[in-house]
Undergrad: 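One structure, pasted below without further comment.
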Amino acid sequence: MLIPHDTRIALDVVVDLVNTARQEGPGDGLADLPALYAFAERHHISGVGTLGDKDLGAVLDVRSRFAEIFAAPDARTAADLVNALVAEAGTTPQLTDHDGYDWHVHYFAPDASIADHLAADCGMALAFIVVSGEQDRLRRCEAPDCRHAFVDLSRNRSRRYCSSRTCGNRLHVAAYRARRREAAG
């Protein structure tokens, strides 16, 4: 599956945004404005400006809507959710080359809020996945204590865990130890 560089970046952003929501552990990763600023800086989101509580609430709403897209049971449902999100963001596609990046498409207006920026750019990245017939690549980690979102970009669509280094390795080691105990006992 060939994914343009800017789409891949937007997919990384949407996955990280969805995963800021509390799953089964410590608090929300976007609990306050400093966390939102840190998120925007980590992902080099351009044109953020001054953020307020209204921006934080809007981003949290966008995050929950992205989570619904990951949970969509089929492509039709995912498409409807993406269409509604992108339409509300008021997409304004335009070519741009900024901050050392080559030409790419921004789907948001230059003065868009951070929530509209995320909804438009990341929504279009998710639209690309749905249009490609690859909606089943939008997954949740199969580790019972994780459930983080990820996009399975493996060739054979076989990825089961958000991270093979943490969740995958932890479960493989646990299975190995269980087999060893069983063989010894």
Side-chain angles (χ1 to χ4, degrees), residues 1-24 28-30 39-40 42-45 57-96 101-109 112-168 171:
M1 171 176 197
L2 182 63
I3 298 177
H5 176 73
D6 54 323
T7 301
R8 184 170 226 152
I9 289 172
L11 290 172
D12 290 343
V13 172
V14 74
V15 164
D16 192 29
L17 180 61
V18 170
N19 288 338
T20 62
R22 183 177 181 176
Q23 298 295 321
E24 293 286 329
D28 193 308
L30 285 180
F39 179 88
R42 185 170 61 249
H43 291 289
H44 309 287
I45 298 173
V59 169
L60 295 177
D61 178 58
V62 167
R63 177 182 72 182
S64 69
R65 294 176 74 185
F66 283 144
E68 289 177 33
I69 295 166
F70 272 82
D74 54 53
R76 169 70 56 203
T77 304
D80 290 345
L81 292 167
V82 168
N83 284 341
L85 184 65
V86 169
E88 290 172 27
T91 58
T92 309
Q94 57 185 321
L95 288 169
T96 184
Y101 293 105
D102 203 359
W103 289 106
H104 59 283
V105 179
H106 279 186
Y107 294 97
F108 55 91
S113 69
I114 187 171
D116 285 345
H117 177 136
L118 292 168
D121 259 9
C122 296
M124 290 305 297
L126 292 172
F128 176 81
I129 296 293
V130 174
V131 165
S132 300
E134 305 285 354
Q135 187 254 335
D136 61 331
R137 289 182 183 267
L138 304 177
R139 298 194 177 158
R140 291 286 186 163
C141 183
E142 291 182 18
D145 58 341
C146 181
R147 304 299 297 151
H148 274 142
F150 67 94
V151 179
D152 178 6
L153 297 177
S154 66
R155 286 183 185 219
N156 61 1
R157 297 183 178 103
S158 62
R159 189 169 157 199
R160 298 175 50 205
Y161 306 110
C162 64
S163 169
S164 59
R165 289 184 177 178
T166 54
C167 292
L171 290 175

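As a basis for the values below, the full set of heavy atoms in this structure was taken, side chains included, without hydrogen atoms, waters or symmetry mates.
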Undergrad: Over all heavy atoms of both residues, which pair between Asn19 and Ala149 is shortest? Give the atoms and the distance, please.
TA: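 That would be OD1-N, 2.6 Å.
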
Undergrad: Got Phe128 and Leu11 here, is their nearest side-chain heavy-atom distance under 4.5 Å?
TA: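 No, side chains not in contact.
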
Undergrad: Asp116 vs Phe108, test: side-chain contact (heavy atoms from CB on, under 4.5 Å). Steps then yes/no.
TA: CA-CA 7 Å; Asp116 285 345; Phe108 55 91; 5.6 Å; no

Undergrad: Distance check, rounded to the nearest 0.5 Å: Asp12 atom CG versus Thr7 atom OG1?
TA: 11.0 Å

Undergrad: Grab the two heavy atoms, one from Arg140 and one from Arg147, that are nearest each other, plus how far apart they are.
TA: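 Taking Arg140 first and Arg147 second, the nearest heavy atoms are NH1-O, 2.9 Å.
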
Undergrad: Does a donor on one side chain sit under 3.5 Å from an acceptor on the other, for Asp74 and Thr77?
TA: yes

Undergrad: Any idea which heavy atoms bring Cys122 and Ala10 closest together, and the distance?
TA: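 Shortest heavy-atom contact: SG-O, 3.5 Å.
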
Undergrad: Does some side-chain heavy atom of Arg42 sit less than 4.5 Å from a side-chain heavy atom of Asp16?
TA: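 When only atoms from C-beta onward are counted, Arg42 and Asp16 do touch, with a gap below 4.5 Å.
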
Undergrad: More than 12 heavy atoms of other residues, nucleotides or ligands under 6.0 Å from CZ of Arg155: yes or no?
TA: no

Undergrad: Do Leu153 and Arg8 come within less than 4.5 Å of each other through their side chains, counting heavy atoms only?
TA: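 Contact flag for Leu153/Arg8 side chains = yes.
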
Undergrad: Which heavy-atom pair separates Leu30 from Asp28 by the least distance, and what is that distance?
TA: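 That closest heavy-atom pairing would be N-OD1, 2.6 Å.
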
Undergrad: How long is the gap from CG on Leu81 to CD on Glu68, to the nearest 0.5 Å?
TA: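 So the CG of Leu81 and the CD of Glu68 are separated by 5.5 Å.
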
Undergrad: Is a side-chain N or O of Glu88 found less than 3.5 angstrom from the main chain of Ala119, in a donor-acceptor match?
TA: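 Checked: no pair found.
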
Undergrad: To the nearest 0.5 Å, how far apart are NE2 in His43 and CG in Asp121?
TA: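 Answer rounded to 0.5 Å: 13.0 Å.
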
Undergrad: Assess the residue pair Phe70 and Val15 against the criterion (side-chain contact (heavy atoms from CB on, under 4.5 Å)); give the C-alpha distance rounded to whole Å, side-chain angles, the decisive distance to 0.1 Å, and a yes or no.
TA: CA-CA 9 Å; Phe70 272 82; Val15 164; 3.9 Å; yes

Undergrad: What is the minimum heavy-atom distance between Arg139 and Asp152, and which atoms define it?
TA: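 Of all heavy-atom pairs spanning Arg139 and Asp152, the closest is NH1-OD2, 2.7 Å.
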
Undergrad: Can you confirm whether Tyr107 sits close enough to Val86 that some side-chain heavy atom of one is under 4.5 Å from a side-chain heavy atom of the other?
TA: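 A side-chain contact is absent here, since even the closest heavy-atom pair is not under 4.5 Å.
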
Undergrad: To the nearest 0.5 Å, what is the distance between CG on Leu118 and CG on Asp61?
TA: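 Taking CG in Leu118 and CG in Asp61, the distance rounds to 12.0 Å.
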
Undergrad: If every non-hydrogen atom of Cys162 is compared with every non-hydrogen atom of Cys141, which pair is closest and at what distance?
TA: N-SG, 3.4 Å

Undergrad: Within this structure, what is the SG-CZ distance for the pair Cys167 and Arg160, rounded to the nearest 0.5 Å?
TA: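 If I round to the nearest 0.5 Å, the distance is 11.5 Å.
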
Undergrad: Taking the side chain as everything from C-beta on, heavy atoms only, tell me whether Arg63 gets closer than 4.5 Å to Phe66.
TA: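 They are not in contact (no side-chain heavy atoms under 4.5 Å apart), so the answer is no.
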
Undergrad: Just verifying a value: how many Å separate Ile3 CD1 and Ile9 CD1, rounded to the nearest 0.5 Å?
TA: 12.0 Å

Undergrad: Is it the case that atom CZ in Arg157 sees more than 12 heavy atoms from other parts of the structure closer than 6.0 Å?
TA: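 Yes, because the 6.0 Å sphere around CZ of Arg157 holds more than 12 heavy atoms from other groups.
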
Undergrad: For Met124 and Leu126, what are the C-alpha separation, side-chain angles and deciding distance, and is it a side-chain contact (heavy atoms from CB on, under 4.5 Å)?
TA: CA-CA 5 Å; Met124 290 305 297; Leu126 292 172; over 6 Å; no

Undergrad: Would you indicate whether the side-chain heavy atoms of Val18 and Ile69 approach each other to under 4.5 Å?
TA: no

Undergrad: Under 3.5 Å, is there a donor-acceptor pair between the side chain of Asn83 and the main chain of Ala79?
TA: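 Judged by distance alone, yes, a pair lies under 3.5 Å.
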
Undergrad: How about Ile129 and Leu138: do any of their side-chain heavy atoms sit closer than 4.5 Å?
TA: yes

Undergrad: Within the 4.5 Å heavy-atom criterion, are Val62 and Ile114 side-chain neighbours or not?
TA: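 Side chain of Val62 against side chain of Ile114, heavy atoms only: no contact under 4.5 Å found.
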
